[in-house]
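Accompanying notes for the structure given below.
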Amino acid sequence: MILILFGAPGCGKGTQALRLVEERGLVQLSSGEMLRSAIAVGSELGLRAKEIMDRGDLMSDDIIVGMVAERLDAPECANGVILDGFPRTVAQAKALDKMLCARGIGIDHVIEIKVDEASLFARIENRAAESGGARSDDNADTLRNRLAVYHENTAPLLPYYEAQGLLRSVDGMASVEGVASRVAEVVG
Ligand code: AMP
């Protein structure tokens, strides 16, 4: 199974992905986590990523696509994966289509978690407080840019997937449990 969790930064993609990992044995592939790991080990990619992530901009499509493709081939992904934070541009979505087509598989569902943007500032503030500021991009200034980047580069994926009949939307303003049960209905 290939699921894409989709939505603005702070909408709850990561939280819902973890639930699906626990309940369905799927593997979460988070492009943001992959980049944070690269930062943690201090690789050259990590150094570059940190600057871009702190601004709230996007990493280049080629780097991200290569990183995800490598992970997709890991044996633990054979049961299915949840893509969290990828794709984020139409070019990434097209590269993903190619990648999956070459492996004889397809996307099962694209689940959009819809939230009221004004609430995202409070959510990100909360996440920063709960994690002790673990993510340097969890602040109001960076979030403003992440949202602008989301509208410009990522939101065009909604009509892209809608045209393919893959898009399902859930109300992300519900409780974590409420969102999880709607996601479970979609996944079936
Ligand atoms: P996330 O953890 O998904 O919120 O991602 C954190 C940051 O990592 C983003 O603001 C981007 O700078 C970078 N990033 C994560 N995923 C992607 C992607 N698919 N394409 C480009 N940049 C990404």
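Computed from a predicted model, the values in this text were never measured in an experiment. Remember, it's 1-based here, ligands and their atoms both numbered in the order they're listed. Side chains included, hydrogens not; waters and symmetry mates left out as well; all remaining heavy atoms used.
- In this structure, the protein non-hydrogen atom closest to atom 13 (C) of ligand 1 is L35 CD1, 3.5 Å.
- Considering backbone and side-chain atoms alike, G85 places an N or O below 3.5 Å from some N or O of ligand 1.
- The nearest non-hydrogen atom to atom 8 (O) of ligand 1, considering only M53, E51, K50, E33, comes from M53.
- Of the heavy atoms in Q92, only side-chain atoms (C-beta onward) come closer than 4.0 Å to ligand 1.
- Of the protein's heavy atoms, M59 N, 3.1 Å lies nearest to atom 22 (N) of ligand 1.
- Atoms CG and CD1, from D54 and I39 in turn, are 7.0 Å apart once rounded to the nearest 0.5 Å.
- N145 places a side-chain N or O within 3.5 Å of a backbone atom of R55 that can act as its donor or acceptor partner.
- Of all protein heavy atoms, the one lying nearest to atom 12 (O) of ligand 1 is D57 O, 2.5 Å.
- Between the side chains of S136 and K50, at least one donor N or O sits under 3.5 Å from an acceptor N or O.
- Under a cut-off of 6.0 angstrom, the local environment of CD in E76 is crowded, with over 12 non-hydrogen atoms contributed by other residues, nucleotides or ligands.
- For atom 16 (N) of ligand 1, the nearest non-hydrogen atom of the protein is S31 OG, 2.8 Å.
- The shortest N or O to N or O distance between R135 and ligand 1 is below 3.5 Å.
- In this structure, R123 does not pair ionically with E130, as no charged nitrogen and carboxylate oxygen lie closer than 4.0 Å.
- For ligand 1, the atoms lying closer than 4.0 Å to a non-hydrogen atom of D137 are 6 (C).
- Shown here for R71 and C77, the closest heavy-atom pair between the two residues is O-SG, 3.3 Å.
- Ligand 1 is approached by R36 to a heavy-atom distance shorter than 4.0 Å.
- At least one donor-acceptor pair under 3.5 Å links the side chain of S37 to the backbone N or O of E33.
- Nearest heavy atom pair, residue L157 against residue T89, reads CD2-O, 3.6 Å.
- For atom 3 (O) of ligand 1, the closest heavy atom belonging to the protein is R88 NH1, 3.0 Å.
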